[in-house]
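Note on naming: letters A, B, ... go to the chains in the order of the sequence lines (proteins, then strands), and numbering restarts at 1 for each one. Every heavy atom of this structure was used, including side-chain atoms; hydrogens, water molecules and symmetry mates were not.
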2 protein chains.
Amino acid sequence: MTTTAPRRRASISDVARLATVSVGTVSNVLNRPDRVSPATRERVLAAIGELDFVPNGSARQLRAGTITTAGAIVLDIANPFFTDVARGIEDRLDEAGYTLMLASSDENPEREARYLRLFEEHGVQGVMVVPSGPDVQHLEALRSRGLRVVLLDRPSPVETLSSVAVDDRAGAAAAARHLVDLGHERIAFLNGPHTIRQCADRAEGLRAALVDAGLDPGEALVEVTITALNADGGQAGTEQVLALDDRPTATMCVNDLAALGALRTLRAAGVPVPSGMAVVGYDDVAFAGELATPLTSVRQPTHQLGYRAADLLLDPDDSAAHVTFQPELVVRESTTGTG
Amino acid sequence: MTTTAPRRRASISDVARLATVSVGTVSNVLNRPDRVSPATRERVLAAIGELDFVPNGSARQLRAGTITTAGAIVLDIANPFFTDVARGIEDRLDEAGYTLMLASSDENPEREARYLRLFEEHGVQGVMVVPSGPDVQHLEALRSRGLRVVLLDRPSPVETLSSVAVDDRAGAAAAARHLVDLGHERIAFLNGPHTIRQCADRAEGLRAALVDAGLDPGEALVEVTITALNADGGQAGTEQVLALDDRPTATMCVNDLAALGALRTLRAAGVPVPSGMAVVGYDDVAFAGELATPLTSVRQPTHQLGYRAADLLLDPDDSAAHVTFQPELVVRESTTGTG
DNA sequence: CTGAAAGCGCTAACAT
DNA sequence: ATGTTAGCGCTTTCAG
């Protein structure tokens, strides 16, 4: 076994020297092989192989100015919703020969900024981001510096920024209507902070649907803010709800992960679903229909969301576009069952 | 609203000109602010703000040689197992002020190579990779070019490459023993191709456990190769198993996603679990215990796996280390229930 | 404390 | 067909 000590990376001039040609010729066999005679091409290729030469991307990029890479920042990479979106992005990018750098902000604007900067410094073509705060000024600034920017899963608050989103108001409203139709008059909503646009929109949609149904949101709606938008958050939120004096009869969750935590907590507490507490999730992730109590959830076109976002990013026509998909309520036993 | 047309990125010399200083001074306020007088520092900072200057990472890196970024390549970003591992990596990297570039190879060696090259060209400190093929020569080559390389979720076949893995043989063997103890004498294994080390190891562990129990693997084991290591693959594999003449009484799955597909298919076919068919998953993802039939599964220390891998990558002591975690069988109703 | 200048590795004119 | 060279944007001596 060779215990090759890590040596300095070979550069193009090392290759040139070994092949006894000029650096220009090496560059040519790399980028326009037809311009160079078969004989020398052979020689250069051999030298490249011998030295394990890999062109320095920084130097190349410094010359070229740009690369075929895009960045994406999602809120939480452990959430299947976002990974499905990421797959959509990857698939579209792949078609165009682009590569994706993926990062997760953890709903932390500071982390978001850090990754944005990293991407920018590395000269990505553009970025797709699920903003972790209400503010998009930093993204407009990015755009004015020549990067393509697409807002992910969030309608653009400004004309100049492209966006691909799902109508969160409509999704939450549909879920609320369903619950009201079932006779629920007091609903808990395990929601994230309103600084996250999706959360604010869903709260609004829910409220509006309640009002439409002739209910007083002040009475009918108990919004519980959970900090972790996952199963642990859902568990903590549900514990709060269960401790309430005038306990709601239904719980809507900001996503299916939170709903998973809610179901788990309810079961541990011996509260039957839906007779003791109806539960609605959001996202309709793959396992939603396979749970002990199959989960009523709001389905979003995740893969398309990502695919379309990448599509906009790649679009040579640089004008801003705003795409909105419609969600769809999928009804299952967690609201209509006999449990 | 300003419709700022994307203009050329400002460079350090633009800043220098605007602030009427030299580029060296601008560089100093960026990197060693103490070396420069407060007055000029102010002036330079103002110019930077005015021009929205963001240093060009490629240029910086070309000089500096390296950056505080690491890359990771997993098989499938839509699999919660890998995203949990990724979270572990991120957490450790974050502590060190590093950032992570994440990519998914789709079990495709070509894609793996492409991302590896991208990472290398961008000068990452190192990479953590779940190899998509049996071969690791390209990774050894990477290492010999000075990058830190850590094999993820796969024991290193060579001394020189660090690795963080879970004992796959032991995990599969434990599951098989459990099944045999329950009286099963014919077991289907929905497994991925053996070119993926984990799959080969699990098949071996399973086989060995069967032999230990006095069973003939040729009789007792039906291995079905699934190409997609997810719910769809699990569904396809289960359909094959159900069509078998001498139908097995238990199905082991290469991961919980596949098990999800298996459960779904069995339910659709009216086969009760476990009385008609016992099912065992692998990974023990978050929802495994919350399914209609809670899933017996092999738990792996996912977060730790990633955390430790990043730890090795960051370790200034460059000698190769090999870490192996032990998995743990979590028994639930999909094997012991009354359904 | 600040400026001038070399050079990181590469590509693309331009020469030969 | 191949060589020479300027310069991408930055950091870092070395002078002043």
Side-chain angles (χ1 to χ4, degrees), chain A residues 7-48 51-68 117-118 120-124 145-147, chain B residues 7-48 51-68 117-118 120-124 145-147:
Chain A
R7 53 172 187 277
R8 198 180 63 78
R9 247 172 93 159
S11 86
I12 199 172
S13 64
D14 297 325
V15 175
R17 199 171 320 118
L18 184 59
T20 53
V21 295
S22 75
V23 293
T25 300
V26 177
S27 175
N28 275 336
V29 350
L30 253 29
N31 304 301
R32 297 114 97 192
D34 43 301
R35 278 212 211 287
V36 42
S37 82
T40 42
R41 198 191 313 153
E42 272 320 297
R43 211 143 35 88
V44 170
L45 256 15
I48 287 178
L51 294 173
D52 264 337
F53 168 69
V54 173
N56 181 323
S58 305
R60 173 181 299 205
Q61 190 184 332
L62 181 56
R63 282 257 26 182
T66 190
I67 48 172
T68 56
R117 189 172 176 106
L118 179 75
E120 183 176 12
E121 289 188 354
H122 282 308
V124 300
R145 274 181 246 125
L147 276 87
Chain B
R7 53 174 188 275
R8 197 180 64 76
R9 245 172 97 159
S11 85
I12 199 171
S13 63
D14 297 325
V15 174
R17 199 171 318 117
L18 183 59
T20 55
V21 294
S22 74
V23 295
T25 301
V26 176
S27 174
N28 275 336
V29 351
L30 253 30
N31 304 301
R32 298 114 97 194
D34 43 301
R35 276 211 213 288
V36 44
S37 81
T40 41
R41 197 192 311 153
E42 273 319 297
R43 212 142 35 86
V44 171
L45 255 15
I48 287 178
L51 294 173
D52 265 336
F53 168 68
V54 174
N56 181 322
S58 307
R60 170 180 301 206
Q61 191 185 329
L62 181 54
R63 282 260 20 183
T66 190
I67 49 173
T68 55
R117 187 167 178 110
L118 179 76
E120 182 176 14
E121 288 188 353
H122 282 315
V124 299
R145 276 181 243 123
L147 275 86

Please name the pair of heavy atoms, one in [X] and one in [Y], separated by the smallest distance, quoted to 0.1 Å.
X      : Y     : value
B/R41  : B/P33 : NE-O, 3.4 Å
A/L45  : A/V29 : CD1-CG2, 3.7 Å
A/A19  : A/A47 : CB-CB, 3.9 Å
A/L62  : B/S58 : N-CB, 4.2 Å
A/E121 : B/P55 : CG-O, 3.6 Å

Would you mind reading off the distance between [X] atom [atom1] and [N] atom [atom2], rounded to a whole angstrom?
X     : N      : atom1 : atom2 : value
B/R35 : D/dC14 : CZ    : C1'   : 12 Å
B/L51 : D/dC10 : CG    : C1'   : 16 Å
A/E42 : D/dT2  : CD    : P     : 12 Å
A/D14 : C/dG9  : CG    : P     : 8 Å
A/R17 : C/dG9  : CZ    : C1'   : 13 Å

### Query
Do A/I12 and A/S27 have side-chain heavy atoms sitting under 4.5 Å apart?
yes
### Message
Taking only side-chain N and O atoms of B/T40, does any of them lie within less than 4.0 angstrom of OP1 or OP2 on C/dT2?
### Response
yes
### Message
Counting only side-chain nitrogens and oxygens, does A/S37 get under 4.0 Å of the OP1 or OP2 atom of D/dT2?
### Response
yes
### Task
Evaluate side chain to side chain contact (heavy atoms under 4.5 Å, CB included) for A/F53 paired with A/L18, printing each intermediate quantity in order.
CA-CA 12 Å; A/F53 168 69; A/L18 184 59; over 6 Å; no
### Task
For residues 22-35 of chain B, pull every pair meeting salt bridge (charged side-chain N to carboxylate O under 4.0 Å, His left out), keeping only residues two or more places apart or in separate chains.
none
### Query
How does protein contact run along nucleotides 10-16 of chain C, one letter per nucleotide 5' to 3', with B for base contact, S for sugar-phosphate only, - for none, heavy atoms under 4.0 Å?
BBB----
### Query
Using the C1' atoms of the five pairs at each end, what is the angle between the end axes of the helix from C/dC1-D/dG16 to C/dT16-D/dA1, to 10°?
40°
